[in-house]
Amino acid sequence: MSRAEPRAPRLSWHRDHELNESRIAQGALAAAAAFVAVWPYTSVIKPGAWSFAVVTVVLVIAAVGVAVRTLLIRRKRWIRETAAMIAQAVAALGVLTMLVAGDTAIFGVVPTSSTLTVFGALAATAWEQVVFGTAPLDSTPGLRVIMGAGFALVALLLDQLVAQRSAVLASVLVAVVGATPMIVTLGDANVVWFVMLGILILLLFRQSAKRNSESPRRVSTGIAVGAGAAAVAAALVIAPIVPVSASLAGTGVGVSVDASLRLGNDLRQPDPVEVLTLATAENTAPYLRLTTLSRFDGRVWHPDRGDTQSLSDGFGAAEWTEDVAAKDITTSIRVLRMSSSWLPVPYPATSVQGLSGAWKLMPENRTIVSKTADAVGNDYTVASLRVNPSLEQIRAVSAAAAVVDPDDEPLELPDVIPTTAREVTADATSDYDRLIALQTWFRTEFSYSLETPVDEGFDGTGADAVAQFLDVRSGYCVHFAGAFALMAQSLGMDVRIVVGYLPGSRTDEKRGEETIYSVSSDQLHSWPEVIFPGIGWVPFEPTASLGVPTAFASATTTGSGPGGAATPAPTTAPTSEATSGPEIDRTDAGGNTGGAGALRQLDPMPVVLTAFGALLVLLLPALIRLGIGTARRRRARRGDAASAWTELRATLIDLRIALSDADSPRSRGAVLVSEHGVDPEAMRVLTDAVERATYARSADPADLAPALGEVLAQLRRSVDRPSRLRALLLPRSLFAGRGSQAPLLV
């Protein structure tokens, strides 16, 4: 065919067999964006089935999008995109159904009414876990549902935004979704994620620009890399010195704590500081108590003042019987910026090491107190128990009766307190169920606020303040604890209030096998306790939106089905959501070091996983290109000339060998033979096959793989080693559109 002859029209068979690399690149980029968005959630949810579900759903959505767009290449754009979205949504629903509730679905993937019921129950359980749980959350079927469904929606949106070249919206969506865990938990910045986000944004804008006819076709790689490196370096240098840095917190005493319930001003401090750290090998950290308050005179609760004894004498007899399950817990505590005559310890403490003789223990409430020493600077280890009675055990025991001092004047409470207590607990049949009813009522009908008590004028613990709190239904932990205690007391139960700290925020720091938790000044807290004979003092958490409500599991419970709500693990100390605390250098504490200072070891897993993830990202284009090339060569082995020539074209693009629309296959082959040393016979086999397929479709197919392999090998040998390496790691053909300077040659 001479160049003077009119060009043959592009025939349909060619488009039927061509695999459009840009669609694969779009799908891979959308999936990568979804994975970047999900990365921060791995720090607030423990590894488990949820991550597998999310990865599977994202990959299925990407694959279905590529497949549908390829099949409907001849259709109008809006039809193609609508069909892709519908197919992706159906596929995601089927995958999620199979992974979570396959036994309730038709063929394991088609959801039924039973499936929807299971999804609803699991979602409700997961919502309660998120609202009341402590990070990192356990991986549960409920979280698998909401995370799978949530990121299915995110992946769908990202796939459409990438397809529409909306790089700005896609970047904003990834940034908002990925930053949510850090914002909600007030956790530290995830530097690895920010770097990944920066790389992703560059790729999104590059993909958008490559397909824009008005964008420049060439750019300086050196300038782009230099600008990106400068931006990352600036972020890493500037981030540690912004006002949220722990270095601005100072090293002196940050908080002075007394035994009263006047905690409002402490909690309203504008700049919380880290007051202590604790280390434990358990999955969750315990609450830390300072002291207890048992006597109420109508205006204030008074701290308990009992006999003290030497630490070596022990904490006294157990308040629980041997038939109640109990687990040994060890907690190492270092007080950094808290001045107090009480030391924070978990309940019930059984022994303590690392303290001087100035500290005494009060066996009545298992607290540690001193008349001369200060808490700041102490580093000690406490052995305690986690007492876990069964639901049957605690329901079978009545709470101890309220203790009345005959010398005290009768206490008159506003009628609203006992009346409301009786109304809320009217349907309960045991003291434990009455207390659970009160706890649930406070957590569901009230709201947490530090400002409402000030605005409404009841920022105190008196009976009148409690009455107003019950009317306004908004306050902070002191009001919840005080109201709960007075209502339980009006029901004839022995109750007291505890002042202490929430468990704090889990950090990435380790001390041997123990995880370090950081406790800040705004985590000062109070909660009520009721004593059950043979079980001990049982804490409750009525404060709305804070901690996990106390609940005990039945001894006969063996697990819940897919639709059943999960029972919270039994606990004798409420646990809380992780809250923020500045990072510290643990070498600055000084003073007593006790016997708990095991040598810190670096956990290699984050480094290994990060390195593996980075390597996978770097090799991803090469792996995709390898898969595409293998598929083309397989079709070429069956005589598919279009696939063979398309693979030749892609290799030329990867190796940066110039192509032109003006060349026919035969003329292009001649250039490759003369300029790149390609074997003439192998090249002739390929060009003849393309011409026969174009003008004589009935010809018998022949195996083109040997000729194609020989031509490709000779082309690679014709360029230098850097070009071959660049073609392998950064295959340009994956991103070259049909409008580039490397079109298909027919």
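- Side-chain atoms of T350 come within 3.5 Å of backbone atoms of A383 as a donor-acceptor pair (strictly under, hydrogens ignored).
- With respect to W527, the ring pair (Phe, Tyr, Trp, His ring centres under 6.0 Å) criterion is satisfied by exactly one of Y287, F484, F540, Y501: Y287.
- Residues passing the ring pair (Phe, Tyr, Trp, His ring centres under 6.0 Å) test with Y432 are F552, sequence neighbours excluded.
- The structure places OG of S518 at 13.5 Å from CZ of R506, a figure rounded to the nearest 0.5 Å.
- Between S554 and E392 there is a side-chain heavy-atom pair separated by less than 4.5 Å.
- Residues forming a ring pair (Phe, Tyr, Trp, His ring centres under 6.0 Å) with F469 (at least two apart in sequence, or on another chain): F446, H479, F480.
- Each of T367, T292, L293, V369 was compared with D304 under the side chain to side chain contact (heavy atoms under 4.5 Å, CB included) criterion, and only T292 meets it.
- The CD1 atom of I436 sits 15.5 Å away from atom CH2 of W441, with the distance rounded to the nearest 0.5 Å.
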For this session: Could you go through the side-chain contact (heavy atoms from CB on, under 4.5 Å) check for V387 and E319 one step at a time?
Result: CA-CA 10 Å; V387 181; E319 299 149 353; over 6 Å; no
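- Between the side chains of K360 and S310, no donor-acceptor pair of N or O atoms lies under 3.5 Å.
- With sequence neighbours excluded, no residue forms a side-chain hydrogen bond (donor to acceptor under 3.5 Å, both in side chains) with E445.
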For this session: Would you sort out whether L361 and L311 count as a side-chain contact (heavy atoms from CB on, under 4.5 Å), showing the intermediate values?
Result: CA-CA 6 Å; L361 62 84; L311 297 175; 4.1 Å; yes
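- Although no hydrogens or angles enter the test, the distance criterion places no donor-acceptor pair under 3.5 Å between the side chain of E282 and the main chain of I329.
- R334 places no side-chain N or O within donor-acceptor distance of the main-chain N or O of T277, the cut-off being under 3.5 Å.
- The line from OG1 of T381 to CG of L355 is 9.0 Å long, rounded to the nearest 0.5 Å.
- Between the CG atom in L288 and the CG atom in L524 there is a gap of 11.5 Å [rounded to 0.5 Å].
- Here the side chain of R289 pairs no donor or acceptor atom with the backbone of P344 at under 3.5 angstrom.
- Scanning all heavy atoms of the two residues, the minimum distance from I417 to A463 falls at CD1-O, 4.0 Å.
- You'll find the side chain of V335 reaches within 4.5 Å of the side chain of Y380, heavy atoms only.
- The distance from the CG atom of D464 to the CG atom of L413 is 10.0 Å, given to the nearest 0.5 Å.
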Exercise. Passes side-chain contact (heavy atoms from CB on, under 4.5 Å), N388 versus W320? Steps please.
Worked result: CA-CA 10 Å; N388 294 326; W320 53 94; over 6 Å; no
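- D433 pairs by the side-chain hydrogen bond (donor to acceptor under 3.5 Å, both in side chains) definition with R395, S430, not counting sequence neighbours.
- For the atom pair CD (Q439) and OG1 (T444), the distance works out to 10.5 Å, reported to the nearest 0.5 Å.
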Exercise. Given the rule in the side-chain contact (heavy atoms from CB on, under 4.5 Å) test, do F532 and L435 qualify, once you have shown the distances and angles that lead to the verdict?
Worked result: CA-CA 12 Å; F532 286 79; L435 295 169; 3.7 Å; yes
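- If you check the side chains of E541 and T550, you find no donor sitting under 3.5 Å from an acceptor.
- Although no hydrogens or angles enter the test, the distance criterion places a donor-acceptor pair under 3.5 Å between the side chain of T42 and the main chain of W39.
- No donor-acceptor distance shorter than 3.5 angstrom exists from the side chain of D374 to the backbone of S370, with no hydrogens or angles considered.
- In summary, the side chains of S447 and S449 do not present any donor paired with an acceptor at a separation below 3.5 Å, with no hydrogens or angles considered.
- Sorted by first then second residue, the salt bridge (charged side-chain N to carboxylate O under 4.0 Å, His left out) pairs that include residues 476-502, not counting sequence neighbours, are R496-E529.
- Of all non-hydrogen atoms in Y517 and T284, the two that sit nearest each other are OH-CA, 3.8 Å.
- Checking side-chain atoms of T507 against main-chain N and O of I516 turns up a donor-acceptor pair under 3.5 Å.
- The side-chain contact (heavy atoms from CB on, under 4.5 Å) search around T321 returns D323, V324, not counting sequence neighbours.
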